Amino acid sequence: MISFSEIASSVHQWLNSHLSPAWVLTVEMVIVGVAAIALFALLGLVLVIMERKVAAYMQIRLGPNRVGPKGMLQSTADTVKLLVKEGITPAGADKFMFNLAPFIAMITAMLLLAPLGFAKDFQIWDLNIGVLYVTAVSSLSVIAILMAGWSSNNKYSLLGAMRSGAQIVSYELSAGLAIMTIVVLTGSLQLSEIVESQRNGWWIFKGHLPALIAFVIFIIAVTAETNRAPFDLAEAESELTAGFHTEYSGMKFALFFLAEYINVFTVCAIGATLFLGGWMPFHIGNWEGFNHVMDYIPSSIWFFGKTFFLIFVIMWFRWTFPRLRIDQLLDLEWKYLLPISMFNIILVTVIAIYHLHG
Amino acid sequence: MNGSTIVFYLLGLMSIVSAVLSVTSRQIFRSAIYLLFTLIGIAGLYFWMDYQFIAAVQIVVYVGGIAVLIIFSIFLTQQSGEQLPEVPVSRAVAGAIAVMSGLALVLVLMDRYGFSGLSDPGPAPSVAAIGEKMLDINGYALPFEVVSILLLAAMVGCIVIAMRKKSQV
Amino acid sequence: MYSTTEHIGVNELGDMIINVGPQHPATHGVLHLVITLNGETVKKVEPHLGYIHRSIEKMCESLSYRQFIYSTSRMDYLSSHINNHGCALAVEKGLQVEIPARAEVIRVLMGELTRVASHILWWGALAMDIGAFTPFFHAFREREMINEIMEETCGARLTMNYMVPGGVMFDLHPNFHKRVKALLQQFKDKLDEYDELVTYNTIFINRTKGVGFISAEDAISYGMSGPSARASGVSCDIRKIYPYGMYDKVQFDEVLLQEGDTYARYLVRMQEIRQSLSIIEQLIDNIPEGDFQAKTKAVLKLPKGEYYSRVETARGEFGVYIVSEGGMTPYRIKFRSPGFSNLSALDHMTRGSKIGDLVATMGSLDLVIPDIDR
Amino acid sequence: MFIVDYIKSIYGAMKSMGTGMKRTAYYFTHHKEIITEQYPDNRDTLVLPERFRGEVVMTHTEQNEHRCTGCTACELACPNGTIKIVTKFDISPEGKKKKAVDKFIYHLELCTMCNLCIEACPTNAIKMAQSFEHSVFDRSQLTKVLNQPGSKLEEGVE
């Protein structure tokens, strides 16, 4: 079975045998960059078609079904359309900021991909504060939204940006605390170590109730942080038309759109890594036979499977629930999620101190 | 000049240029954004030095927290769209003198200190080590707690100010 | 009218002025609301009308008594049957014709089907306003069944022009009975699904409870009618107070709630769907045989005088006032449309609430813009 | 008790969310419930009810005979001025002059499909057709002459 880590190491060896170390590093950086952008584009296409299909089936519709087999090339066609569309900059807009904002959103989303462990021994950057890095960089995405909202010279955009700012800043807290529970259990911020600590069971199973609570809080908080319904107040179609990206069109809009989906992917990947064992296969206690079968499934499939399951859950939320109001949104965070997650982290600390986890 | 140095100079250039732009820009929102880039550049420098924890904290606190706070307050004062008034010559001159003297001071200090240069800066401290130092009685427990009291005082002050305003209206 | 001091659109008091509409997803048409905002809080709502004004009233003055009815379908297009019914009633009042019993039953059946269709569409649209997209599509599944019934019997799906002075245009289609039975059967299950998806959803309840409150006194003084007023405890169901058609011979309850908020308006309409279904259930097996249209002259002339009729549309009281000089065309026609008065209460209901509440309240009023503008 | 209410409210909220999610999950997994009609593809099987009002047409027999006497009842009944009847005088075999329809002009772009003309017609000459795909590139194409060229009045229609 060919795994990602084998491909990576063979490429590395081949380059080392042909080039000087400095060139090897450069070539590898280029490869990683191209691979990241390719993954980006691919994820964007896949997630958009997935969202549309999920929405369609929940709404007793067929969804896109004309372009390609079962409409699977619809998002490609949409991308081409967006690429050739004119990107209009409104007359009163702050042109520099207006054009910069989508790129900030995109760059932030790209930076977040760095520490993810896509498969066994396959990670772009295994930095020792992986989780903290993700929390930190994801807080940058609010800047892009604020910039877009302010520079559009549109009142709807400004309102959307303000909402989004308040929302992301406050939901970062409970998302961070939910992540902290796993950090407490693992004793490390490094994503590879967190995955490794789940070799004998995923945290959601062996972390008892607190891990489950943390998982639920994490899913709710990241749904809010990525501006997805029912927390899509920054866009709030029926209230603010399209919120912060009302004035964007063409490729600049597509970048925002893509960044949103990549953010969803990243937070779901983080959730899968922290709570569902990352690329670790599913094992049940002493069932040797069953565990062996699970081991045969490649680690990348495990990782993407878990991530896409979480993405599906987030889409499921979107197509089921009505949108919250801004004050209720903040109520939910400050009156429910934050106290619960603070209480939860105390519970987790107790568990960690007495080594109640497996 | 190797790649690492190039990255260093790029980050330094980004910080300095956006710092200058932040001061000279006549639109307050743009100033805030440039300030943000300065802070990101500094965080980048920390990453460059492999002090990842400090870099992440820099982003969380300054970029994600303080810069957003500044942008919010700009939005709320409703002046964000307007051009700031032209700076009077006297003030510009005074500012330039202040900058120059500050720069001179820094340069003199650097010259005196000499920065002999460490041959091996040693490994970056792990997060666990930082945590232990912070909460150790022989470490930085006292300053850490004192700072948090300061923050608490600031928060209480904010609440008091906000409350009073509300009762007047 | 209002001044903006700078490009960001802030007035002298520091309030932001926003134009919601005429092209806006929340207004369901070309309604234009100028709202004054203090942050997220709504300080004033000012509806601007006239974007879809077609002067239907004036137009009707040049049309004969048979012809003008068709244009009323285009006012409140979601309850076109009931509008037509109101016009037909006014003309019949002038002509002094007796309507065959079969025609009366058909009219009531069609009216109730229209009411159900309108209420389900509103249900989906309100859910969409509040941010849930899925209910909209589920609502259209049931609405489609009603539309098919209409298409089969009346020949059109939206603007049927089925009621004529003296009765209805065609007899019922042979499939009508079967299809209505199937509809009733399906609705029994689907209404529970509606509740699962929306009615009992915590977010929905939080978004609507206590939002857009209007008291019974204010509702009366603003001239509100229909489900929106009944949610405030104002008994105003024309079908009960001034029964027309068959309504005095069928059993149904006037749904009254006292809360006066958006959730109450929601519940009233959901209850009304059940009431309408029960009316249909009572009538569908008891359609009398006979003519579906009374014999009327080819050219209708109303005696000199004034004629007024009122009916209960899905949105409230719809009044038709005809002044006749004895000629072939009316001298003056005035329609009293429910949406106009309901909209006028919007400012009162939403002052001090958030933008999201404004959208929810507007959705709960069930505004159809051509009904307001005519 | 505050804590009990707090937990109860959370439980209630989670339960109501769960019911909604169960409902959407049901539809997600039951594709038989899908109601989409693939319109341009299902043209062959699409059957519109016979009463559906698409446009006004004039019925012609195989001998190219119609039933329109040119009485203009439909023209009078139409609220929009959709129908314009141009009459001519036919010379009957007996040598009598007789009024007949020359051109039955029908403006589809003005028609609201209200069916009043069909109701008004004393000889059942016109009826509603079920076609509904009326879009054309030029609006002049929407003005139609309903009586076929060379058509005659059917025997016995007065």
Side-chain angles (χ1 to χ4, degrees), chain A residues 51-52 54-63 90-94 149-160 162-163 166-167 220 228-233 235-243 246 315-332 335-336, chain C residues 4 6-10 15-21 23-28 35 37 39-42 124-142 144 193 196-199 201-209 211 353-360 362-363:
Chain A
E51 171 113 89
R52 293 183 64 174
V54 168
Y57 286 137
M58 285 184 178
Q59 296 172 343
I60 44 177
R61 300 186 279 125
L62 282 172
D94 186 338
W150 180 81
S151 62
S152 297
N153 187 30
N154 179 319
K155 284 170 266 183
Y156 289 123
S157 304
L158 190 64
L159 276 171
M162 292 285 276
R163 282 177 172 193
Q167 177 182 338
I220 296 173
R228 300 272 305 173
F231 308 103
D232 61 342
L233 284 139
E235 286 148 55
E237 192 224 327
S238 59
E239 294 157 31
L240 303 179
T241 57
T246 304
M315 287 177 179
W316 192 3
F317 286 159
R318 174 167 182 181
W319 299 110
T320 308
F321 298 136
R323 185 184 303 118
L324 277 84
R325 204 168 59 209
I326 183 73
D327 54 329
Q328 287 162 355
L329 180 95
L330 299 177
D331 261 14
L332 176 68
K335 288 190 187 162
Y336 291 91
Chain C
T4 51
E6 52 177 304
H7 77 284
I8 213 77
V10 178
D15 300 325
M16 193 147 73
I17 293 157
I18 282 195
N19 292 298
V20 174
Q23 298 290 328
H24 189 280
T27 54
H28 304 300
I35 59 177
L37 286 178
E40 281 264 340
T41 313
V42 177
L126 176 70
M128 205 146 164
D129 278 344
I130 292 182
F133 291 87
T134 306
F136 193 72
F137 292 90
H138 290 208
F140 264 75
R141 173 186 48 198
E142 272 73 57
E144 183 63 24
E193 278 186 20
E196 279 177 23
L197 263 179
V198 176
T199 315
N201 189 294
T202 313
I203 301 176
F204 181 79
I205 294 174
N206 276 327
R207 278 296 304 275
T208 48
K209 253 203 178 134
V211 165
S353 58
K354 302 274 180 287
I355 305 175
D357 293 343
L358 170 78
V359 174
M362 196 155 61

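As the structure is a prediction and not an experimental result, all values here were calculated from the model. Per chain, numbering begins at 1; letters A, B, ... match sequence-line order.
- When all heavy atoms of C:H138 and A:Q59 are compared, the pair lying nearest together is NE2-CA, 4.1 Å.
- Electrostatic pairing of A:R163 and C:E40 counts as a salt bridge here, judged by a charged N lying under 4.0 Å from a carboxylate O.
- Contact count against chain A (heavy-atom pairs under 4.5 Å) is highest for C:D129 among C:D129, C:L358, C:L197.
- Remark: C:I18 CD1 to A:L158 CG distance equals 8.5 Å, nearest 0.5 Å.
- Taking chain A as the reference chain and counting heavy-atom pairs below 4.5 Å, the highest number among C:P135, C:G131, C:A127 is found for C:G131.
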*Audit row: C:T202, A:F321, side chain to side chain contact (heavy atoms under 4.5 Å, CB included) steps and yes/no*: CA-CA 9 Å; C:T202 313; A:F321 298 136; over 6 Å; no

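- Counting heavy-atom pairs under 4.5 Å between each of C:M128, C:H24, C:K354 and chain A puts C:H24 at the top.
- Between atom CD of residue A:Q328 and atom CD1 of residue C:I203 there is a gap of 8.5 Å, rounded to the nearest 0.5 Å.
- For the atom pair CD1 of A:I326 and OG1 of C:T41, the computed distance is 11.0 Å after rounding to the nearest 0.5 Å.
- Interface remark: C:V198 contributes no atoms to any contact with chain A (heavy atom separation under 4.5 Å).
- Taken to the nearest 0.5 Å, the CZ atom of C:R141 stands 13.5 Å off from the CZ atom of A:R61.
- Each of C:L126, C:I130, C:T134 was checked for a side-chain contact (heavy atoms from CB on, under 4.5 Å) with A:P322, and the lone residue meeting it is C:I130.
- Nearest heavy atom pair, residue A:R325 against residue C:N206, reads NH1-O, 4.2 Å.
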